[in-house]
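Comments concern the structure below.
Note that the coordinates shown come from a computational prediction; the quantities given were computed from them, not determined experimentally. For ligands, and for the atoms within them, numbers begin at 1 and follow the listed sequence. Note: hydrogens, waters and symmetry copies are ignored here, and every other heavy atom, side chains too, is used.
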Amino acid sequence: MCNQPRQTVDVSTQANIDQVLTKHLHLNWNVDFENKNIHGSVRLNLVSLVDNVEKVILDTSYLDIKSVMYGKDSLKFDVAERYASLGSALTIQIPKIDKAGTNFQLKIDYETTENCTAVQFLTPEQTLGGKHPYLFSQSEPIHGRAMIPCQDSPSVKVTYSASVRSHLPVVMSALRTGIDEDPDQGTGFKTYHFKQETSIPSYLIAIAVGNLVGQDIGPRTTVWCEPEMIKQAAWEFSDTESFIATGEKLLTPYEWGRYDLLVLPPSFPYGGMENPCLTFVTPTLLAGDKSAVNVIAHEISHSWMGNLVTTNAWKHYWLNEGWTVFIERKILGRLYGERVRQFEALSGWRALQESVELFGKDSPKTVLNPDLRNGADPDDFFSKVPYGKTALELKHSFAELAHKKGFNFLYHIEKVVGGPEIFEPYMKAHVQRFASTSISTEDWKQFLFEYMEKTHGSSMMDKLNTIDWDAWINQPGMPPVDPGFDTSLADACIDLAKRWNQARDKEDLSEFSGKDIQDFTAGQKIVFLEKLTDVAPLPHRLIKKMDELYQFTPNHNADLRLRWHQVCLITSYEPMYPEVVKFITEQGRMKFVRPLYRLLHHAKNGSQLAVDTYLKHKSFYHPIAAQLIEKDIGLI
Ligand code: BES
Ligand code: ZN
């Protein structure tokens, strides 16, 4: 049997999405903590797109397919060998469907296995409360196929419903419509019902099950988590409604009914994931001072950019993330001032410069619209970091680059067309035009031109034509124009970093005091520390003094802790090693653990410690994170 996937608009799926499309899917699941799997069925409502369809090909990854039913008939199916990172195509022979536009249903009985990367089953010890197991899913970009046999492509949008039987509370990326007790009382099991009536791509279908409690923090927002952290979570995220309301002012009315938050156990590998109706976030956002809530503004912005208007292939990933960062910063600018927005944008620009330097200005990894070849693993492409150098940071990955280059692209276009008065009405029109569809960079650009010409006439075309589109979209390296962000907030941190750098040979350090950073925001402290990772490793004497004066080690902001640990590891400051080990074993967010594992692995007397620490805590990490850490520290 030929393994080569067919060519469609999306090279990351093997499904025959050019012949049939899924319109709706219904999940009937049992969450089995004893066997650590989900078992049950999915019913797919499909429609043929062409005449004479004889088979349906779906994506799967390590799923155990038991049967495929077509009405009362059981159908023949074949699960192919795995193809590269795309998993195993499931080919189902169906009775021939003569005409395009015919609706039909398939019901597939299956269960997940321990290799399914989309689901992580946690033991009670891996949770905060320590008494109950936990399950959560993470499907972006192409792990949806490791939870559901489906057309796992962002170009396919479906509505879904679900009935999930479990002995612990269940939440999903959908609205809850009811809960049924088991008929024979006393089993402790309940069935939770959900529906998602706005069509979404498969990577946004998500579930979490655990000892969950909810607390309302806004008119359409409940925060869910284990009871031990509910109070802190409710406090930390209390600005959520103002972010949503600002998003609505900028774009269109919030579409999804509810915007709930789920704070996951510490092994959640990302900062946030924009699952519709229910954003998933890492507990490392609980800094105690709301200093990490930009992640919430970011995930809320995905409600429009990504979730309503979706990239149709991972090659156009920037359409999700660049647009989202752009809206996130508009929201932050509205609420906290333009200077804050400029500061964020400037940090992003400088990080982009570092990435381009690190990858090399001709590297394909610096192209906004990369050439994701057939079979390439988007996870790997997104998160591979160039090795060596000092600034061993996950921020230098393609995923991060797409966020930043994409933001700058939109920022530049906004300026060229005449600023927010012209651009903001266009953003709204863009969402209205493409809501509930999946698009490519070309679709996006075509509508931009159409809108601008129609609304502002041909003189606007002259303006748009001054933009070097090819350079922005297809060429590697830095963008063709430097936007020149305001440096006022950044200057103070950079000056202070310079002073410390120049003090490396001085006996007398009395010029420094705690007052230096007294008025700094968390973001400014981070920029200060980032500057120090750019210079030659600092003498240990300075590190010790700095911590005495600025009290970085006890700081609870995880982004700041990352930078501080990096500054210490770059100079192999061994007294900090126990703190680093503590930080990388108490949470598993890849942004923090991967660069620190890499640096520890490189630091003096750190290599064995990195390996030992990883091996001891291996089962704590999410499978996606574990795989990447193993590469980072040379185990595979
Ligand atoms: N959608 C992303 C997370 C993601 C990207 C998961 C690619 C899997 C593959 C999410 O919206 C995101 O960008 N999260 C960032 C935070 C944000 C403020 C930049 C993160 O997790 O750090
Ligand atoms: Zn995002």
Side-chain angles (χ1 to χ4, degrees), residues 12 85 117-118 120 136-144 146 152 154 173 200-206 243 247 261 263-264 267-276 278-285 287 291-311 313-329 331-332 344-345 347-348 351-352 370 372 377-384 393-407 523 526 558-559 562 587-595 622-625 627-628:
S12 306
S85 55
T117 46
Q120 193 187 12
F136 71 86
S137 69
Q138 165 59 42
S139 289
E140 192 183 13
I142 61 164
H143 301 281
D152 193 16
S173 58
I200 55 167
S202 50
Y203 76 85
L204 291 177
I205 300 176
F243 295 155
L261 285 165
V263 189
L264 284 114
S267 66
F268 186 61
Y270 295 102
M273 178 63 214
E274 65 270 25
N275 297 316
L278 180 71
T279 282
F280 284 23
V281 294
T282 162
T284 64
L285 300 191
S291 57
V293 293
N294 77 297
V295 176
I296 307 293
H298 178 93
E299 304 313 334
I300 287 171
S301 304
H302 274 304
S303 305
W304 294 271
M305 304 303 188
N307 296 7
L308 264 193
V309 183
T310 308
T311 177
W314 296 109
K315 173 185 168 75
H316 307 290
Y317 175 69
W318 83 273
L319 285 174
N320 282 7
E321 297 297 341
W323 262 113
T324 292
V325 173
F326 189 74
I327 302 299
E328 167 200 344
R329 291 193 179 144
I331 293 175
L332 296 177
E344 293 288 321
S347 312
L352 182 59
L372 260 184
D377 182 352
D379 258 338
D380 217 43
F381 189 88
F382 283 6
S383 50
K384 201 173 267 162
E393 271 242 49
L394 196 64
K395 74 181 181 199
H396 303 293
S397 63
F398 169 73
E400 290 288 312
L401 189 126
H403 280 79
K404 286 162 194 149
K405 210 171 189 182
F407 166 82
I526 288 167
D559 270 285
L562 165 69
Q587 53 76 38
R589 183 174 171 190
M590 293 198 282
K591 177 182 179 184
F592 302 145
V593 296
R594 289 191 58 207
H622 188 277
I624 300 173
Q627 211 175 50
L628 291 164

N or O contact, [X] vs ligand 1, cut-off under 3.5 Å:
X: His302; answer: yes
X: Gly271; answer: yes
X: Glu321; answer: yes
X: Glu328; answer: no
X: His298; answer: yes

**OP:** Mind listing the closest non-hydrogen atom pair of Asn320 and Glu140 along with its distance?
**Re:**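 So the minimum-distance heavy-atom pair works out to ND2-OE2, 4.4 Å.
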
Original post:
Where the closest heavy atom to atom 9 (C) of ligand 1 is concerned, which of Pro141, Ser139, Ala399 has it?
Top reply: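 Looking at heavy atoms only, the winner is Pro141.
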
Quick one: do the [X] and [Y] side chains pair a donor with an acceptor below 3.5 Å?
X: Thr284; Y: Arg589; answer: yes
X: Glu321; Y: His302; answer: yes
X: Ser267; Y: His622; answer: no

**OP:** Using atom types as modelled and distance alone, determine if a side-chain donor or acceptor of Thr310 lies under 3.5 Å from a backbone N or O of Pro154.
**Re:**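 Judged by distance alone, no pair lies under 3.5 Å.
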
Out of all atoms in ligand 1, which are within 4.0 Å of some heavy atom of [X]? Include the element for each.
X: Arg589; result: 22 (O)
X: Gln138; result: 6 (C), 8 (C)
X: His403; result: 13 (O), 19 (C)

**OP:** Name all residues meeting the side-chain contact (heavy atoms from CB on, under 4.5 Å) criterion together with Thr117; count only those two or more places apart in sequence or in a different chain, and write none if there are none.
**Re:**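 Thr117 satisfies side-chain contact (heavy atoms from CB on, under 4.5 Å) with His143, Ala146 only.
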
Subject >> Within reach of ligand 1, part of Glu274 (heavy-atom separation under 4.0 Å) >> reply: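 Glu274 to ligand 1: side-chain contact only, backbone stays beyond 4.0 Å.
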
**OP:** Check each heavy atom of Tyr317 against ligand 1 and say whether those closer than 4.0 Å belong to the side chain, the backbone, both or neither.
**Re:**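 Just the side chain.
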
Subject >> Counterpart residues, ring-ring contact (aromatic ring centres under 6.0 Å, His included), relative to Phe268 (two or more places apart) >> reply: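 Partners of Phe268 under the ring-ring contact (aromatic ring centres under 6.0 Å, His included) test: Phe136.
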
Subject >> With the Zn ion (ligand 2) as the apex, the NE2/NE2 angle for His302 and His298 - to 10° >> reply: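 Between NE2 of His302 and NE2 of His298, the angle at the Zn ion (ligand 2) is about 100°.
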
**OP:** Before giving the answer on side chain to side chain contact (heavy atoms under 4.5 Å, CB included), spell out for Trp323 and Val309 the whole-Å C-alpha distance, their side-chain angles and the decisive distance to 0.1 Å.
**Re:** CA-CA 10 Å; Trp323 262 113; Val309 183; over 6 Å; no

**OP:** Give a yes/no verdict on whether any heavy atom in Gly272 is under 4.0 Å from an atom of ligand 1.
**Re:**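 In this structure, Gly272 qualifies as a contact of ligand 1 - some heavy atom is under 4.0 Å.
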
Original post:
Is the distance from the Zn ion (ligand 2) to some N, O or S atom of Glu321 under 2.8 Å?
Top reply: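 Looking at Glu321, which is the residue asked about, there is an N, O or S atom under 2.8 Å from the Zn ion (ligand 2).
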
Original post:
Just wondering, do Ile205 and Ile200 contact through their side chains at under 4.5 Å, heavy atoms?
Top reply: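 Yes, their side chains come closer than 4.5 Å.
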
